[in-house]
Amino acid sequence: MTRRLLSAVRSATAVRGLVTTLAALLATTAASAPARAHTEPKAPKDFVALSSVDATIIQEIRYFTRHNFVGQRIDGYRQPMCILTRPAAQALHKAQRQLLRRGYSLKVYDCYRPQRAVDHFVRWAKDLSDQSMKDEFYPRVDKTWLFADGYIAEKSGHSRGSTVDLTLVKLPAKPTRPYRPGEPLTPCYAPKDQRFPDNSVDMGTGYDCFDTLSHTLDPRIQGEQRANRLLLKNTLENLGFVNLAEEWWHYTFKPEAYPDTYFDFPVSRRSLTGNR
């Protein structure tokens, strides 16, 4: 074989080897790309399932269901569970011990809320054609004013992990029937026996009621309803929680572990893998 022919053979072999290597690299990259795209964020180590700290606290996670102001399960709620930073969960445990002695239990409606859920709320609020749940949750509020009135925002303290929406239940707790999509809706501020049934005590309005009657100390709320709100408020505030004045159900444990961080891991046990 001449030197020129031998050189040509060697060059061709080298080119084939380079092509094979590049093809292998491309195949590896293509195979790993979907895996990266579907990797979900995880919760920091100090986030816990509330049930692991106190299994007696009742949980009715509304955004996992269709019984909420959107009328659909909210993005990011993979399981009906309450996730919180450990200090917030431990403070709720202390509150629960006090309330059990008085014949009450806490019931949580929402805890940690991923940013994708907040984004879902924002998209819904901008869609003025979707008002399917208006008759229950915001009968006296024009949907065009939800942002201006502060009912919907692009960020939520819930996404920082130390905020919880909750109420009181008189023991023994009675079961609450499930919501049936499409059933007739009643205003959230109607008398308790006319509102959607809830095994909680009467707080004057239902949960997530977009109305000024939901303001914790609204002077129109008196008697037993006011006493119930104050029992919840005083119990939690004595343990480090701060109430949002516009929502009787909304409390944040202070100091917050993550005051400036808005997380987006899904509400599921898989998000807590490795946490203790």
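Leu231 has its side chain within reach of Arg102: a pair of non-hydrogen atoms, C-beta onward, lies under 4.5 Å apart. Thr216 places a side-chain heavy atom less than 4.5 Å from the side chain of Lys233. Between Gln59 and Ser51, some side-chain heavy-atom pair lies under the 4.5 Å cut-off. Residues Leu230 and Leu217 are in side-chain contact: their nearest non-hydrogen atoms beyond the backbone lie under 4.5 Å apart. With contacts defined as side-chain heavy-atom distances shorter than 4.5 Å, the pair Arg62/Asp208 does not qualify. Using a 4.5 Å heavy-atom threshold, the side chains of Tyr138 and Cys188 count as separate. Between Asp264 and Arg116, the closest side-chain pair of non-hydrogen atoms falls below 4.5 Å. Taking 4.5 Å as the limit, some side-chain heavy atom of Ile57 sits within range of a side-chain heavy atom of Leu92.
Clustering ILVMFWY residues whenever any of their side-chain heavy atoms sit less than 4.5 angstrom apart, transitively, puts Leu99 in the very cluster that holds Tyr251. Leu272 and Val267 fall within the same hydrophobic cluster, defined by Ile, Leu, Val, Met, Phe, Trp and Tyr side-chain heavy atoms under 4.5 Å apart, directly or through other members. Val164 and Val242 are not part of a single hydrophobic cluster, where members link through side-chain heavy atoms under 4.5 Å apart. Residue Ile58 is not grouped with residue Ile83 when hydrophobic side chains (ILVMFWY) are merged at heavy-atom distances under 4.5 angstrom, including chains of intermediate members. Under a hydrophobic clustering in which Ile, Leu, Val, Met, Phe, Trp and Tyr are joined whenever their side-chain heavy atoms come within less than 4.5 Å, directly or via other members, Tyr207 and Val141 fall into the same cluster.
Side-chain contact, Thr212 with Arg220: a donor N or O sits under 3.5 Å from an acceptor N or O. Using modelled atom types, one finds a donor on one side chain and an acceptor on the other under 3.5 Å when comparing Ser105 with Gln96. Between the side chains of Thr167 and Trp248, no donor N or O sits under 3.5 Å from an acceptor N or O. Side-chain atoms of Gln225 and Asp202 form a donor-acceptor pair, as typed in the model, at a separation below 3.5 Å. For the residue pair Asp110 and Tyr77, a side-chain donor N or O sits within less than 3.5 Å of a side-chain acceptor on the partner. Using modelled atom types, one finds a donor on one side chain and an acceptor on the other under 3.5 Å when comparing Thr85 with Ser162.
Under the 6.0 Å distance and 45° angle rule, Lys143 counts as a cation-pi partner of Trp124. Under a cutoff of 6.0 Å and an axis angle of 45°, Lys42 and Phe265 do not form a cation-pi pair. Note that Lys254 lies outside the cation-pi zone of Phe241, set by a 6.0 Å cut-off to the ring centre and a 45° limit from the axis. No cation-pi contact links Arg73 to Tyr63, judged by a cut-off of 6.0 Å to the six-membered ring centre and 45° from its axis.
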| task | Dump the intermediate steps for side chain to side chain contact (heavy atoms under 4.5 Å, CB included) on Arg66 and Ser132, then the final yes or no. | result | CA-CA 11 Å; Arg66 296 179 64 179; Ser132 61; over 6 Å; no

| task | Take Asp198 and Thr176, measure what side chain to side chain donor-acceptor pair (under 3.5 Å) needs, and give me the verdict at the end. | result | CA-CA 6 Å; Asp198 190 319; Thr176 297; 4.6 Å; no

| Chi angles and distances behind the side chain to side chain contact (heavy atoms under 4.5 Å, CB included) call for Val70, His120 | CA-CA 9 Å; Val70 175; His120 192 169; 4.1 Å; yes

| request: Decide side chain to side chain contact (heavy atoms under 4.5 Å, CB included) for Thr186 and Asp135; before the verdict, give the C-alpha distance in whole Å, the side-chain angles of both, and the deciding distance to 0.1 Å. | output: CA-CA 6 Å; Thr186 302; Asp135 288 348; over 6 Å; no

| Run the salt bridge (Lys or Arg N to Asp or Glu O under 4.0 Å) check on Arg78 and Glu40 step by step: do they pass? | CA-CA 12 Å; Arg78 307 281 176 78; Glu40 290 281 16; 2.6 Å; yes

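We find the NZ-OG1 distance between Lys94 and Thr235 to be 14.5 Å, quoted to the nearest 0.5 Å. Separation of atoms NE2 (His250) and OG (Ser156) is listed at 6.5 Å; rounding is to 0.5 Å. A distance of 8.5 Å separates CG in Asp218 from CZ in Arg226, rounded to the nearest 0.5 Å. Atom-to-atom distance recorded for Thr163:OG1 and Leu244:CG is 9.0 Å, nearest 0.5 angstrom. Distance check: Asp149 CG to Thr144 OG1 gives 8.5 Å after rounding to the nearest 0.5 Å. Considering CG of Leu232 and CG of Leu106, their distance stands at 7.0 Å, rounded to 0.5 Å.
Between the side chain of Lys126 and the backbone N or O of Phe121, no donor-acceptor pair lies under 3.5 Å. Between the side chain of Asn68 and the main chain of Thr65, a donor-acceptor pair closer than 3.5 Å is present. In terms of modelled atom types and a separation under 3.5 Å, the side chain of His158 and the main chain of Cys111 share a donor-acceptor contact. Judged by distance alone, the side chain of Arg229 and the main-chain N or O of Met203 form a donor-acceptor pair under 3.5 Å. Panel note: side chain Arg195, backbone Ala190; a donor-acceptor pair is recorded below 3.5 Å. Between the side chain of Gln79 and the backbone N or O of Arg269, at least one donor-acceptor pair lies under 3.5 Å. Remark: the backbone N or O of Lys174 is paired with a side-chain donor or acceptor of Asn199 at under 3.5 angstrom. Gln131 places a side-chain N or O within 3.5 Å of a backbone atom of Leu128 that can act as its donor or acceptor partner. Under a 3.5 Å cut-off, the side chain of Glu183 and the backbone N or O of Arg180 do form a donor-acceptor pair. Here the side chain of Ser271 pairs no donor or acceptor atom with the backbone of Ala43 at under 3.5 angstrom.
Using a 4.5 Å cut-off between side-chain heavy atoms of Ile, Leu, Val, Met, Phe, Trp and Tyr, Tyr189 falls into a hydrophobic cluster with Leu213, Ile221. Other residues sharing the hydrophobic cluster of Leu171, ordered by chain and number and joined by side-chain separations under 4.5 Å: Leu100.
Scanning both residues, Leu146 and Ala125, for their nearest heavy atoms gives CD1-CB, 4.4 Å. Of all heavy-atom pairs between Met81 and Ser268, the closest is SD-C, 3.6 Å. Arg270 and Thr273 make their closest contact through O-OG1, 2.8 Å (heavy atoms, listed as atom of the first residue, atom of the second, distance). The nearest pair of heavy atoms linking Cys209 to Ser214 is O-OG, 2.7 Å. Listed here is the closest heavy atom pair of Pro139 and Phe137: CD-C, 3.5 Å. Listed here is the closest heavy atom pair of Ser159 and Val118: OG-CG2, 3.8 Å.
Ring centers of Tyr109 and Phe64: at least 6.0 Å apart, outside the cut-off. For an aromatic pair to be called close, the ring centres must be under 6.0 Å apart, and His67 with Phe196 satisfies this.
Among Glu154, Lys155, Arg160, the single residue meeting the side-chain hydrogen bond (donor to acceptor under 3.5 Å, both in side chains) criterion with Tyr262 is Arg160. Considering Asp119, Asp165, Asp75 in turn, Asp165 is the only one that fulfils the salt bridge (Lys or Arg N to Asp or Glu O under 4.0 Å) rule with Arg113.
Contacts of Phe210 classified as ring pair (Phe, Tyr, Trp, His ring centres under 6.0 Å), with partners at least two apart in sequence or in another chain: Phe69, Tyr151.
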